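Everything on this sheet refers to the single structure shown next.
Residue numbers run from 1 in the order of the sequence given. In this text, all values refer to a predicted model and were calculated from it rather than measured experimentally.
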Amino acid sequence: MEVFMKAVIMAAGKSTRTYPLTLTRPKALLPVMNKTILEHQLDALAGLVDGVVMVVGYKSEMIRGRFGHRYGTLGIDYVEQEEQRGTGHAVLLCEPLVDGPFIAMNGDDLFAAEDLAQLAQADQAALVKEVDDPRLYGIYEVTPEGRVIRLVEKPKVIFSNLTNIGVYKFTSAIFDILKHTSLSERGEIEITSAIQTLAQTTDFRVVKAEGHWLPIGYPWHILDANAFLLDAREAVDVLGEVSPAAHLSGSVSIGRATRIRSGVVIDGPVCIGENCDIGPNCWLRPYTTIGNGCRVGHGCEIKNSVFFDGAKAPHLSYVGDSVIGEDVNLGCGTITANVRHDSQSHGSVVRGVLMDTGRKKLGAIIGDHVHTGINTSIFPGRKLWPYTSTRPGEVVDRDIIGEEE
């Protein structure tokens with residue numbers, strides 16, 4: 001079936017909640033199971049739309065450089081949102097490039113392809129997810145037939161569990177509505193405000209998502225999304241060189257030109273990228289993803305962690321429940337603590353405020369190009385800014401903050 005519909009992906013924002021990982025890249029380029037968020041989204045859209053308009057802003061050259069004007073069968077156009085004036089403003093900028101119905105979606109979450117396909121069949125609708133605790137989101141009140149009555153952001157009174165997840169099917173009529181939408185308290189044009197007008201003037205409905213919705217609101221959400229995708233993947237390929245003295249169990253994928261040396265134990269689900277050097281005598285435990293060009297050496301144990309491309313733990317280190325940025329080098333004996341003695345969930349400082357992550361196990365969040373000295377010990381939930389370093393024997397009991405770009 002020939003498709004004549006576009007998708008608008010909003011990927012212009014500067015995400016401070018995911019610092020330090022987004023100090024050096026747009027949030028949409030964060031990797032999950034060795035694909036960026038945008039790549040996962042484009043894969044999910046393949047066959048549903050015939051082209052994509054990406055709204056870019058913060059570090060837009062990185063997105064343009066990675067994708068160019070084509071991804072698989074999808075043509076890609078770009079719109080620059082020089083001022084971050086809201087999601088509605090982002091969509092409005094796309095008017096010259098969109099003719100007819102289109103899907104609009106946030107560029108920083110992962111959505112199931114089957115749910116996007118269901119939404120594509122609607123006339124005008126929002127994709128929603130039933131959640132147990134919707135207090136942090138916008139929620140919809142709908143009629144029994146699914147027609148929207150109202151949408152309330154971060155409600156004080158919970159009247160529904162239908163959460164707005166940031167994916168919509170619009171017609172070109174949305175542009176005129178957005179042009180006449182009042183600014184929000186933050187001085188922005190919001191899609192959610194325009195939806196109130198749509199709900200009052202036309203038949204705007206909800207489509208319930210039955211598949212996954214994986215929001216990446218904070219750095220540790222990468223661990224949640226990575227684990228989900230590792231469990232959900234269908235194809236597993238071993239394309240590298242595996243020593244007969246290595247032991248692999250469970251679901252393990254290994255990229256091209258990767259070498260698994262003797263004495264390596266890998267307990268899946270585990271995903272290893274291309275051109276990696278693993279071992280000898282190390283242990284990769286479940287829910288670990290190792291990016292391209294990485295090194296995990298002798299005596300290392302890696303558990304439920306994500307290594308971005310080029311990250312290295314050459315010897316005698318423990319990394320648990322952690323996110324390790326691009327080109328990080330962990331000095332010999334670097335240890336990430338990941339469990340509190342009182343068994344409580346971990347806190348982490350976000351934008352100067354200590355918040356509860358809800359995780360009983362959480363290691364370190366390490367930005368790109370960090371070097372740790374030998375025998376560095378890192379407290380749970382601590383963050384290291386890009387290009388920072390530690391001294392030999394240092395105990396990291398608070399975030400190490402570097403300069404913002």
Side-chain angles (χ1 to χ4, degrees), residues 31-36 39-40 43 110 112 211-212 214 220-325 328 330 332-339 359-366 378 380:
V32 182
M33 206 181 74
N34 283 345
K35 279 187 178 181
T36 65
E39 286 171 309
H40 285 291
D43 287 341
L110 303 181
H212 64 265
L214 304 174
W220 50 88
H221 289 160
I222 291 176
L223 300 176
D224 300 327
N226 183 68
F228 180 91
L229 293 180
L230 282 172
D231 275 336
R233 64 183 170 170
E234 297 177 358
V236 177
D237 295 316
V238 177
L239 304 176
E241 174 190 346
V242 180
S243 167
H247 178 77
L248 278 59
S249 64
S251 171
V252 178
S253 61
I254 299 172
R256 298 182 188 280
T258 286
R259 182 181 182 186
I260 309 298
R261 297 171 180 263
S262 65
V264 172
V265 175
I266 305 176
D267 294 330
V270 165
C271 176
I272 304 173
E274 300 180 348
N275 298 297
C276 295
D277 188 2
I278 310 297
N281 306 316
C282 64
W283 186 15
L284 302 186
R285 293 173 57 186
Y287 300 107
T288 289
T289 288
I290 305 294
N292 298 318
C294 292
R295 170 89 175 106
V296 179
H298 171 73
C300 291
E301 179 181 345
I302 316 296
K303 174 251 179 186
N304 188 39
S305 294
V306 174
F307 278 39
F308 291 8
D309 291 353
K312 298 174 180 63
H315 34 216
L316 301 174
S317 292
Y318 172 75
V319 180
D321 305 279
S322 298
V323 181
I324 310 298
V328 166
L330 302 179
C332 180
T334 295
I335 305 294
T336 62
N338 60 342
V339 179
R359 295 184 63 93
K360 291 296 182 69
K361 293 186 178 181
L362 178 62
I365 308 296
I366 301 182
I378 306 175

Within this structure, what is the [atom1]-[atom2] distance for the pair [X] and [Y], rounded to the nearest 0.5 Å?
X      : Y      : atom1 : atom2 : value
Leu330 : Ile324 : CG    : CD1   : 5.5 Å
Phe307 : Ile302 : CZ    : CD1   : 4.0 Å
Leu362 : Leu223 : CG    : CG    : 7.0 Å
Trp283 : His247 : CH2   : NE2   : 11.0 Å
Asp309 : Asn34  : CG    : CG    : 6.5 Å
Cys276 : Arg295 : SG    : CZ    : 10.5 Å

[X] vs [Y] side-chain heavy atoms within contact, under 4.5 Å:
X      : Y      : result
Val323 : Trp220 : no
Ile272 : Val296 : no
His298 : Leu316 : yes
Cys271 : Leu230 : yes
His40  : Leu214 : no
Val242 : Val264 : no
Lys303 : Asn338 : yes

Which atom pair, heavy atoms only, marks the closest approach of [X] to [Y]?
X      : Y      : answer
Ile254 : Leu248 : CD1-CD2, 3.7 Å
Ser305 : Ser322 : OG-N, 3.0 Å
Ser251 : Val236 : OG-CG2, 3.2 Å
Gly297 : Cys282 : O-CB, 3.3 Å
Cys294 : Gly310 : SG-N, 3.6 Å
Val270 : Pro286 : CG2-CA, 4.4 Å

Donor-acceptor pair, side chain of [X] and main chain of [Y], under 3.5 angstrom:
X      : Y      : result
Thr289 : Val32  : no
Lys361 : Arg359 : no
Thr334 : Cys332 : no
Asn275 : Asn292 : no
Ser262 : Pro280 : no
Arg233 : Pro269 : no

Can you see whether Asp321 engages Asn304 through a side-chain donor-acceptor pair at a distance of less than 3.5 angstrom? yes
Of the options Asp231, Asp224, Asp267, which is the one that meets Tyr287 in a side chain to side chain donor-acceptor pair (under 3.5 Å)? Asp231
Carefully, step by step, assess Ile366 and Ile378 under the rule side-chain contact (heavy atoms from CB on, under 4.5 Å). CA-CA 10 Å; Ile366 301 182; Ile378 306 175; 4.1 Å; yes
